[in-house]
Amino acid sequence: MTQCLSMSQPARRLDPYAEWLALPSHVVGEVIAGQLHVQPRPALRHAHASSVLGEELGPPFRRGRGGPGGWILLDEPELHLGTRPDILVPDLAGWRRERIPELPAAAYCTISPDWVCEVLSPATQRTDRAEKREIYRRESVHHLWFLDPDAHTLEVFRLAGGAYVLVATHAGDAPVRAEPFDAIELELALLWQP
């Protein structure tokens with residue numbers, strides 16, 4: 001269950017980032033609009049779907065093996081976005097190399113990704129679909145995916161005219177092409193099965 005700690009409470013006068021850094025390793029924290037959001041680490045089904053998706057995209061898009069290359073892809077990067085900043089940890093994120101030719105030396109990135117994938121779970125779905133989606137829109141993340149390992153669905157959104165447009169909803173086990181990685185077919189069945 002997501003826990004939201006208000007930074008306006010007298011007992012919580014710490015810097016949200018300092019609180020975030022002090023979290024134990026068995027939880028994931030994010031700072032959204034000045035509030036620390038804490039949820040348990042992802043379930044294994046969630047982690048499996050995210051890991052396999054990264055394995056599928058890496059060779060063709062990061063390395064250029066069987067695909068065009070040109071991307072930096074990261075699992076759970078720490079993003080500091082906006083002037084507040086909001087601190088987000090998406091399941092997967094990608095940057096086109098022309099925008100970020102090499103990784104910053106810092107432990108976090110302040111450059112908004114070109115693509116984000118959030119793997120939905122009951123504990124994170126509401127935050128992913130509402131607050132985090134709005135931050136991604138505000139920061140001009142051009143492609144947003146919601147992957148649901150329980151429902152076996154992949155929702156693909158594209159930023160157009162300042163709003164996200166649903167491009168496609170893929171369900172089941174069929175191979176799919178999903179932008180911005182539509183140069184290859186993704187085997188969705190691999191994401192659902194261990």
Side-chain angles (χ1 to χ4, degrees), residues 25 28 30 41-81 87-121 124 128-129 132-133 135-137 139-160 164-194:
S25 62
V28 175
E30 297 176 299
R41 296 287 312 155
L44 292 180
R45 183 184 323 203
H46 176 116
H48 175 265
S50 180
S51 296
V52 171
L53 180 58
E55 290 169 1
E56 290 294 300
L57 295 176
F61 293 98
R62 189 179 65 222
R63 294 188 189 114
R65 293 185 194 154
W71 285 81
I72 292 175
L73 301 170
L74 296 176
D75 296 327
E76 296 187 348
E78 180 181 335
L79 306 176
H80 291 217
L81 302 175
I87 301 169
L88 305 180
V89 182
D91 293 293
L92 293 159
W95 294 260
R96 295 183 188 274
R97 283 198 182 269
E98 61 261 16
R99 287 193 55 240
I100 183 170
E102 59 186 54
L103 291 174
Y108 58 87
C109 187
T110 60
I111 300 169
S112 62
D114 294 294
W115 166 80
V116 165
C117 179
E118 294 288 359
V119 181
L120 302 176
S121 70
T124 65
D128 290 342
R129 288 186 178 278
K132 289 177 73 173
R133 177 181 163 143
I135 294 166
Y136 296 142
R137 185 206 60 77
E139 297 299 319
S140 299
V141 175
H142 294 288
H143 300 278
L144 174 61
W145 289 9
F146 291 130
L147 182 65
D148 188 332
D150 293 326
H152 293 194
T153 59
L154 171 63
E155 295 171 276
V156 178
F157 293 88
R158 176 189 325 120
L159 190 63
Y164 279 116
V165 175
L166 180 64
V167 174
T169 300
H170 303 285
D173 296 341
V176 302
R177 291 185 183 268
E179 62 178 62
F181 303 114
D182 48 354
I184 66 160
E185 280 192 341
L186 288 173
E187 299 289 336
L188 289 184
L190 297 174
L191 306 180
W192 322 136
Q193 303 164 3

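We use all heavy atoms of the structure for the numbers below, so side chains are in, but hydrogens, waters and symmetry mates are not. This structure is a prediction, so every number in the text was calculated from the model and none was measured.
Inter-residue side-chain proximity for Leu57 and Arg62 is flagged as unmet; no heavy-atom pair is nearer than 4.5 Å. Between Val141 and Tyr164, the closest side-chain pair of non-hydrogen atoms falls below 4.5 Å. Counting heavy atoms from C-beta outward, His142 and Trp115 have side chains that stay 4.5 Å or more apart. The shortest side-chain heavy-atom distance between Leu53 and Leu186 falls under the 4.5 Å cut-off.
Geometrically, Arg133 engages Phe157 in a cation-pi contact defined by less than 6.0 Å to the ring centre and at most 45° from the axis.
Summarising the local packing, CZ of Arg96 is surrounded by more than 12 heavy atoms from other residues, nucleotides or ligands at distances under 6.0 Å. Annotation: Leu44, atom CG; neighbour count of heavy atoms from other residues, nucleotides and ligands within 6.0 Å does not exceed 12. Residue Glu98 places its CD atom among more than 12 non-hydrogen atoms of other residues, nucleotides or ligands, all under 6.0 Å distant.
Annotation: the span from Ile87 atom CD1 to Leu79 atom CG amounts to 10.0 Å, rounded to 0.5 Å. Rounded to the nearest 0.5 Å, atoms CD (Gln193) and NE2 (His152) are 8.0 Å apart. Annotation: the span from Cys109 atom SG to Leu88 atom CG amounts to 12.0 Å, rounded to 0.5 Å. Separating the NE2 atom in His143 from the OH atom in Tyr136 is a distance of 15.0 Å, to the nearest 0.5 Å. Here the straight-line distance linking atom CG of Leu74 with atom CH2 of Trp95 works out to 5.0 Å at 0.5 Å rounding. Note that the CG atom of Asp173 and the CH2 atom of Trp192 stand 8.5 Å from one another [nearest 0.5 Å].
Between Leu191 and Val52, the shortest heavy-atom contact is CD2-CG1, 3.6 Å. Shortest non-hydrogen contact noted between Leu188 and Gly172 is CB-O, 3.7 Å. Of all heavy-atom pairs between Thr153 and Ala171, the closest is CG2-CB, 4.0 Å. Taking each heavy atom of Ala93 and Pro77 in turn, the nearest pair found is CB-CG, 3.7 Å. Listed here is the closest heavy atom pair of Glu118 and Asp91: OE1-OD2, 3.2 Å. When all heavy atoms are compared, the tightest approach of Glu76 to Pro42 is OE2-CG, 4.2 Å.
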- Derivation of the side-chain contact (heavy atoms from CB on, under 4.5 Å) call for Asp114 and Trp71: CA-CA 9 Å; Asp114 294 294; Trp71 285 81; 3.9 Å; yes
- Applying side-chain contact (heavy atoms from CB on, under 4.5 Å), run through Phe61 and Ile184 and close with a yes or a no. CA-CA 9 Å; Phe61 293 98; Ile184 66 160; 3.6 Å; yes
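The salt bridge (charged side-chain N to carboxylate O under 4.0 Å, His left out) search around Glu155 returns Arg129, not counting sequence neighbours.
Using a distance-only test at 3.5 Å, with no hydrogens or angles considered, no donor-acceptor pair links the side chain of Trp145 to the main chain of Val119.
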